[in-house]
Amino acid sequence: MTSFVTATSFPNPFLNASRSNWNITPPQEIWKLIPKGVNESGYGCFFNPTRPYGFPLFNTSSMAPVSNPSDLCGKGFFCPYLDVANSATYPVSCPAVGPCYIQRGQGVNCDIPQGIFEPMACPKGYYCPSYNEIRPCPVGSYCLTGSSKPTPCEYLSICGAKTVVQVHYGLFLIVFVTDTVLLTAFLVFRYREFRRANPGKSLFGSSKLKTLSSAEGEGAMRKRTLSTAQIQENIQTLTAGFQKGLEGHTDLSMNYEFENLGLRLPDGKDILQGVSGTIKAGRMTAIMGPSGAGKTTFMNVLMGKATRTSGSLKINDTIAEMQEYRKIIGYVPQDDVMIEELTVRENIRYSARTRLPNSWPNSDVDSHVDAILTALNLNHVAHSRVGSTLVRGISGGQRKRVNIGMELAAAPLSVFLDEPTSGLDSTAALDVTNILHSISRLGLTVVAVIHQPRVEIFETFDDVLMVAPGGLTAYFGPISEAQAYFESIGFSFRANANVADTLMDILSGRGEIQEGLPSTRASVREVITCWTVHLETQNATTAYHLQMPQVKSSNQTTSSSIESMTAVAKKRGASFFRQVGLSHNRFVAQQAKLASAFMQEVFVGLICGLIMGVASGGGENFTGRFVAPFTPISPAPRYWFNDMYGMLIGITIALASAPSAVKVFSEEIPMYLREAEAGHNSTAYFIGKNLGSLYRILLASAHFAGCYILLAQPPIGSGNQWLLIFLNIFGVYGQAQIVSMLVKRENAALLAVIPTLLSEVFCGFGPSIPAADSGHYGFILGMGVNRWMAEAQFFLWAEPYADTIDLTDAANYSGYENGHTLRNMLIMVALALSYRLVAYALFLVVLRSGFFKRLWVQAKLRLYRKRDVTSSTA
């Protein structure tokens, strides 16, 4: 066998090769140095060129002659000195020496081959169209390690000559332009809002510049105290809307007759006992009693909010339940439950549009809303935000009137109010009751729980139900006859005292007894006994039926009335799709007015993208084992890095998105419950809110992806990378919604991070997919969206290297499957929707709303009745 030339006389042809200029010795000059007759591969290693230390990288068992160079030097590899006619030049693996030994151990490709005939992956910044040809990457393209052709850069990317990975700034630029447009629109919106709320006031000369949403000082500047005549005149503006709402039934009204209403708790305690009476339309009835006596309980039992355990109810002389007519009954809660970010008009209009018949055109709805604003003396603050305890808004009296206006928006036949004067000063409280009194004269049935009213407020009511501790009736009849009744049973009233205060003292057992009567007559038990005796000794009608014009009670009239009310109630409420749209639009309006919170979420997404982009280091970040037979010259695989990065991106998404996601529902659950009680469609509300949240997810993911792609420079299409991040955040929002249905609002933001973080961590990095599958808990990992994002991202990152890197080896390491990007995205969508289905079920069950509310009420009623039967048998 002829020997090779000595090492000293054999040059290193790659000494002049560099990243900027890949100049090597021409093949012909190298081939000339090969002694004739040498046909054995393995020589030419720089470790010792004269000895056959090279390991063959081809199939030596086949003796068939090789005619195609690609059979020896695969696509994406560079073998400049291969001569298929001379087997001495066939590819070999040489011992790594010097820097190359360290580089391969660190998972980095060697700068140059370790022998003359050792192949190498086409160097980064260049592409190798054939086994022995290398060209610099042209402008407008990028060339990863092992490229056989240049990859065109995306539009709006920086790609000069010899670019390794594109620097895509397009998404970041789009985000910047979008932010500029949104900021401009926001400033214009705020300016217009300011001008509507403060007509004639200079923007730059106003001291309210820093709180455009505030109506501070509005009341002081424009407060108008209306006389009773003016109030009655304003109330008449409601007539047209109410008449239209009755669908032509001009004489329709709601009268209630109830007997022995009672409510017993599961522990056997009675909190309401034997309340009987009649409430007539066109009159205003007060419910009075000490704290805890059962005033609100009576109202809830009467309305069906609490299931009575005894007694019966008639509506217009027909046995019925108020839940059947909830769409034409208004309930004003004690707390002013409304969307605080919206204006007065927006709150009332939303209620009107969702509760009035779907056939009403917007012009008629707007006219009705304008009439309500006029009737409630709210025109001057119509475009002011309601505000909250932290954000200054309208006054307390105005909030209370908005609370009432939201129920009047439905053009109801009855209005029930829970302490409408609480928290108001005496003047504001009198304004509210004067308005309610005038409203009752339109033919509405008005019932209100009140607590220690001043005499002028007390006298605006027509009738009063006095509830003693234990839910017992002490008096039910006209207010004008209350003093005479209690004087007839031995109580005295001071000449200058407030009659309402004296009555409250009597109900509390502190009433003053007339001279000569025993002090035991002042006890609450004695008062209740006197009323019971009074009912037994007097005609029932004159005893507790109200003195007012009699209502027609023939069977034909009653049947017609009930049928008419049922027909009117069925026509109430916007259609399902309109309610979806209204819920969506309201949520978008809220987000527009909560710009600071919205910008914070977007800013957090931007910072998270910045952190992940900087941490990646940019450039190429994927190396692995070369395809056979070039595995021996591979650098150490760094699959773990890309695997880990999928997890880290998921962690940052969970930390950035979960706290904001819980606010989609948790912040306004009381408002939803109020609307659900009024007949709003729970499904439409839920869908509308989720659709409205998509804009937040879209912008947050775009900011994250835009910054991340710019700095990390992944070899993944910007559209795919952004879509994966979008779907991941979309999934996190769904998981956070589940948490928001289970925990208190103040704890939801923190607790939502835990399950979302676990879901993002268990994506296949640790524990790995193979380990999870062998432990039979792989399905748990599959329940998280990040498991599918990490898999798709892993192989989107790896696929550009498919010519040179063994992707099967990468799949075996990670447990991920290649080529299923679309499938993974669809799974992410399915999981995100599944989370929302779970949240929706909890939304109905935990909050006991919608269909499950009715089931809950019926179940409680059966339970209480069964217990009553059992106790009576015993």
Side-chain angles (χ1 to χ4, degrees), residues 170-219 221-222 338-350 352-353 362-363 365-366 369-370 373 378-388 390-394 398 402 581-606 660 663-664 667-668 688-689 691-703 706-707:
L171 185 56
F172 187 83
L173 179 63
I174 292 172
V175 165
F176 177 78
V177 172
T178 302
D179 286 347
T180 303
V181 172
L182 289 178
L183 180 61
T184 303
F186 171 72
L187 293 175
V188 171
F189 168 77
R190 294 299 295 269
Y191 174 73
R192 293 178 61 187
E193 182 183 22
F194 177 84
R195 294 301 301 269
R196 285 197 303 267
N198 304 274
K201 182 178 289 188
S202 171
L203 176 64
F204 296 102
S206 171
S207 61
K208 302 294 184 293
L209 179 59
K210 61 181 180 180
T211 55
L212 295 182
S213 64
S214 171
E216 181 181 359
E218 192 70 28
M221 182 177 69
R222 299 185 177 194
M338 58 193 74
I339 304 297
E340 297 168 340
E341 298 81 28
L342 301 184
T343 64
V344 170
R345 195 178 198 283
E346 287 170 338
N347 272 290
I348 295 177
R349 191 187 187 282
Y350 180 85
R353 184 66 277 183
N362 287 330
S363 57
V365 174
D366 290 334
V369 171
D370 291 337
L373 293 171
L378 292 171
N379 277 326
H380 58 290
V381 292
H383 299 290
S384 297
R385 295 191 191 183
V386 171
S388 63
L390 298 178
V391 179
R392 195 67 179 264
I394 58 178
Q398 291 164 344
V402 173
L582 291 169
S583 178
H584 163 273
N585 294 343
R586 182 174 69 173
F587 187 55
V588 171
Q590 286 177 257
Q591 295 179 87
K593 297 186 178 186
L594 285 172
S596 59
F598 178 70
M599 287 188 289
Q600 287 174 14
E601 182 177 0
V602 169
F603 178 73
V604 169
L606 185 70
S660 300
K663 296 181 180 180
V664 174
E667 295 293 317
E668 58 181 66
K689 290 279 285 185
L691 291 177
S693 68
L694 289 178
Y695 306 108
R696 297 179 74 104
I697 301 173
L698 180 71
L699 284 174
S701 61
H703 282 75
C707 201

Flag side-chain contact, heavy atom, 4.5 Å: [X] against [Y]:
X: Phe189; Y: Leu182; value: no
X: Gln600; Y: Leu594; value: no
X: Ile339; Y: Arg586; value: yes

Listed partners of Lys663 passing side chain to side chain contact (heavy atoms under 4.5 Å, CB included), at least two apart =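 With neighbours one apart ignored, the set is Glu667.
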
Using 4.0 Å as the upper bound for N to carboxylate O, is an ion pair formed by Arg349 and Glu346?
->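 No.
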
Under the side chain to side chain contact (heavy atoms under 4.5 Å, CB included) rule, what do Asp366 and Arg345 come out as? Steps first, then yes or no, please.
-> CA-CA 10 Å; Asp366 290 334; Arg345 195 178 198 283; 3.9 Å; yes

Got more than 12 heavy atoms from elsewhere within 6.0 Å of CZ, Phe598?
->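 Enclosed: over 12 neighbouring heavy atoms sit under 6.0 Å from CZ of Phe598.
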
Working to the nearest 0.5 angstrom, can you tell me the gap between [X] [atom1] and [Y] [atom2]?
X: Leu606; Y: Phe176; atom1: CG; atom2: CZ; result: 11.5 Å
X: Phe186; Y: Lys593; atom1: CZ; atom2: NZ; result: 11.0 Å
X: Leu378; Y: Asp370; atom1: CG; atom2: CG; result: 12.0 Å
X: Glu601; Y: Leu699; atom1: CD; atom2: CG; result: 9.0 Å
X: Leu342; Y: Asn347; atom1: CG; atom2: CG; result: 5.0 Å

Please report the shortest heavy-atom distance between [X] and [Y], naming the atom on each side.
X: Gln591; Y: Gly692; result: NE2-O, 3.0 Å
X: Glu341; Y: Arg385; result: O-CD, 3.3 Å
X: Val175; Y: Ala702; result: CG2-O, 3.5 Å
X: Ile394; Y: Ser384; result: CG2-CB, 4.1 Å
X: Leu582; Y: Tyr350; result: O-CE1, 3.4 Å
X: Ser388; Y: Glu340; result: CB-OE1, 3.1 Å

Show your reasoning for whether salt bridge (Lys or Arg N to Asp or Glu O under 4.0 Å) applies to Glu193 and Arg196.
-> CA-CA 5 Å; Glu193 182 183 22; Arg196 285 197 303 267; 5.8 Å; no

Can you pull the side chain to side chain donor-acceptor pair (under 3.5 Å) pairs that have at least one residue in residues 174-188, sequence neighbours excluded?
->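 Output for this query lists Asp179-His703.
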
For Lys689 and Val664, indicate whether the former's side chain and the latter's backbone hold a donor-acceptor pair under 3.5 Å.
->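 Yes, the answer is positive, given that a donor and an acceptor are paired below the 3.5 Å cut-off.
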
